[in-house]
A.B. asks: 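Structure in structure tokens, see below.
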Amino acid sequence: MIEKEKFLSRINLFQSLSEDELAQLEPATPMEVVKKGTMISSPHLEQKRLFLIKAGKVRLYKLSADGKELTIDLLGTGHVFGEVGSFTISSTNMYAEAWEDSLICSIDKGKFEELMLEKPRLALHFIEIVSNRLREVEEMMELMAYGSVRQRLVYLLGRLCEKYGGERQADAPEWIELAVNLTHQELATMMGCIRETVTETLHELTAEGIVKKTGLRKPLWVHRERLREALAPHSFTNVFFTRLDKRK
DNA sequence: GCATTAAGTATAA
DNA sequence: TTATACTTAATGC
């Protein structure tokens, strides 16, 4: 198996494909190195492709009329984004930029549609990915409308744990390390508030023992149980933590 | 060093 | 909560 096939097999979306099928797919998936900060797709670049992240991280965001950015999602290795016909994994008006130096594969819309017709399991998996993204956006939307900044931050931290939760502290496994270095500014663009509010709210959560930092520019640690309690008032809490539990 | 970036604080609206 | 502004600390040339 050549290296790229190995990579394709690690993309969650392609889990249901056999080695042979991956080998067939390989020629249709050009691979590209993109430097941090590079725009991968935007409303102007009409790219009808599905992008697969081999390594690195990609930020999906929207721009408001007055130029403010709203980060919709931060995707890592194994995640997919892009547009495929009437299915869009992202919505319109979405920008995608490399948030770190990344390695990105892409597959043509037509080719992917063919593949979905042949492989129902792949199509189902694709739908699952799309609907999960939808659910996450809906949950955040609910908090944008009716929740406080605090609730949005708590929710966001939970979701980041789910996606980027790394090491557990050896002597205290309820602490999870967030393996992404997000500045307060970056968190703010994911929650729709300003940097200063994130700073303050984070202090509040630190005082309550929900999060902690070992030092400046060090990763953030999140206390699962306390985070769960902080999120408790929400209807989707249980579903959310079931997802978190499944990770380990 | 000096400029830049991230984070902490304070105050008015 | 946000906008604005000022301060401090760390980082990079």
Side-chain angles (χ1 to χ4, degrees), chain A residues 33-40 42 55-77 93-103 136-167 169 172 175-224 226-237 240:
Chain A
V33 181
V34 281
K35 299 291 278 180
K36 177 176 180 172
T38 308
M39 192 71 75
I40 299 166
S42 77
K57 292 193 174 61
V58 170
R59 185 172 71 105
L60 300 184
Y61 65 95
K62 294 191 155 214
L63 277 181
S64 70
D66 54 343
K68 283 184 205 155
E69 294 182 0
L70 177 66
T71 299
I72 302 296
D73 210 346
L74 190 60
L75 304 171
T77 305
N93 227 321
M94 186 79 77
Y95 297 81
E97 68 162 16
W99 194 68
E100 292 176 350
D101 290 353
S102 303
L103 211 44
E136 285 186 358
V137 172
E138 283 177 353
E139 285 170 353
M140 186 51 104
M141 192 178 84
E142 181 181 338
L143 292 181
M144 293 274 199
Y146 303 122
S148 58
V149 163
R150 180 200 159 96
Q151 289 169 316
R152 308 209 283 268
L153 182 57
V154 168
Y155 171 73
L156 184 59
L157 290 173
R159 201 209 276 173
L160 289 170
C161 275
E162 188 182 29
K163 250 185 219 149
Y164 299 111
E167 297 292 302
Q169 203 170 299
W175 285 98
I176 305 179
E177 179 187 18
L178 285 189
V180 244
N181 271 330
L182 292 158
T183 63
H184 293 182
Q185 178 60 64
E186 284 159 337
L187 287 171
T189 68
M190 300 192 203
M191 302 163 39
C193 70
I194 59 171
R195 191 212 99 215
E196 288 84 342
T197 315
V198 171
T199 303
E200 254 196 294
T201 312
L202 227 34
H203 278 315
E204 196 183 310
L205 296 183
T206 304
E208 295 171 39
I210 296 172
V211 303
K212 66 176 177 183
K213 267 223 169 195
T214 52
L216 207 61
R217 310 203 179 193
K218 289 282 177 57
L220 194 63
W221 290 77
V222 176
H223 192 288
R224 274 165 52 98
R226 294 177 191 151
L227 190 76
R228 181 196 305 247
E229 285 165 26
L231 202 52
H234 288 279
S235 50
F236 51 74
T237 303
F240 184 79

A.B. asks: How long is the line joining CZ of R195(A) and C1' of dA5(C), in whole Å?
C.D. replies: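 So the two atoms are 11 Å apart, to the nearest Å.
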A.B. asks: Could you state the NE2-P distance from H184(A) to dT1(C), rounded to the nearest angstrom?
C.D. replies: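 Going from H184(A) (NE2) to dT1(C) (P), I get 16 Å.
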A.B. asks: May I ask you to decide if K35(A)'s main-chain N or O and D101(A)'s side chain share a donor-acceptor pair within less than 3.5 Å?
C.D. replies: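 Such a contact is absent between D101(A) side chain and K35(A) backbone.
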A.B. asks: Side chains of T183(A) and E186(A) only: does a donor on one sit below 3.5 Å from an acceptor on the other?
C.D. replies: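 Looking only at side-chain atoms, E186(A) and T183(A) do form a donor-acceptor pair, the distance falling under 3.5 Å.
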A.B. asks: In whole angstroms, how far is the P atom of dG8(B) from the CG atom of L205(A)?
C.D. replies: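 It works out to 13 Å between those atoms.
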A.B. asks: On the side chain of E196(A), is there an atom forming a donor-acceptor pair with the base of dA5(C) - under 3.5 Å, no angle test?
C.D. replies: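 Check passes, donor-acceptor contact within cut-off.
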A.B. asks: Whole angstroms only, please: what is the NZ-C1' distance between K213(A) and dG8(B)?
C.D. replies: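 Roughly 13 Å, once rounded to whole Å.
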A.B. asks: dA6(B), OP1 or OP2 - any side-chain N/O from T183(A) closer than 4.0 Å?
C.D. replies: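 The answer is no; no side-chain N or O of T183(A) sits under 4.0 Å from OP1 or OP2.
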A.B. asks: To the nearest angstrom, how far is E200(A) atom CD from dA6(B) atom P?
C.D. replies: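 So the CD-P distance, E200(A) to dA6(B), works out to 20 Å.
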A.B. asks: Which whole-number value in Å describes the distance from Q185(A) CD to dA3(C) C1'?
C.D. replies: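 In whole Å, dA3(C) C1' and Q185(A) CD are 13 Å from each other.
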A.B. asks: Have a look at K218(A) and say if it touches a base, only the backbone sugar-phosphate, or nothing, with a 4.0 Å heavy-atom cut-off.
C.D. replies: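 Counting heavy atoms under 4.0 Å across all strands, no contact is made by K218(A).
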A.B. asks: Specify the separation, in whole Å, of atom NZ of K68(A) and atom P of dT2(C).
C.D. replies: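 In whole Å, dT2(C) P and K68(A) NZ are 9 Å from each other.
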A.B. asks: Atom CG of L202(A) to atom C1' of dT9(B): distance rounded to whole Å?
C.D. replies: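 Going from CG in L202(A) over to C1' in dT9(B) covers 16 Å.
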A.B. asks: For the atom pair CD1 (I194(A)) and CD (Q185(A)), what is the distance rounded to the nearest 0.5 Å?
C.D. replies: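 Rounded to the nearest 0.5 Å, the CD1-CD separation comes out at 9.5 Å.
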A.B. asks: Look at the aromatic rings of Y95(A) and Y61(A) and report parallel, tilted or perpendicular, splitting at 30° and 60°.
C.D. replies: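 Y95(A) and Y61(A): parallel rings.
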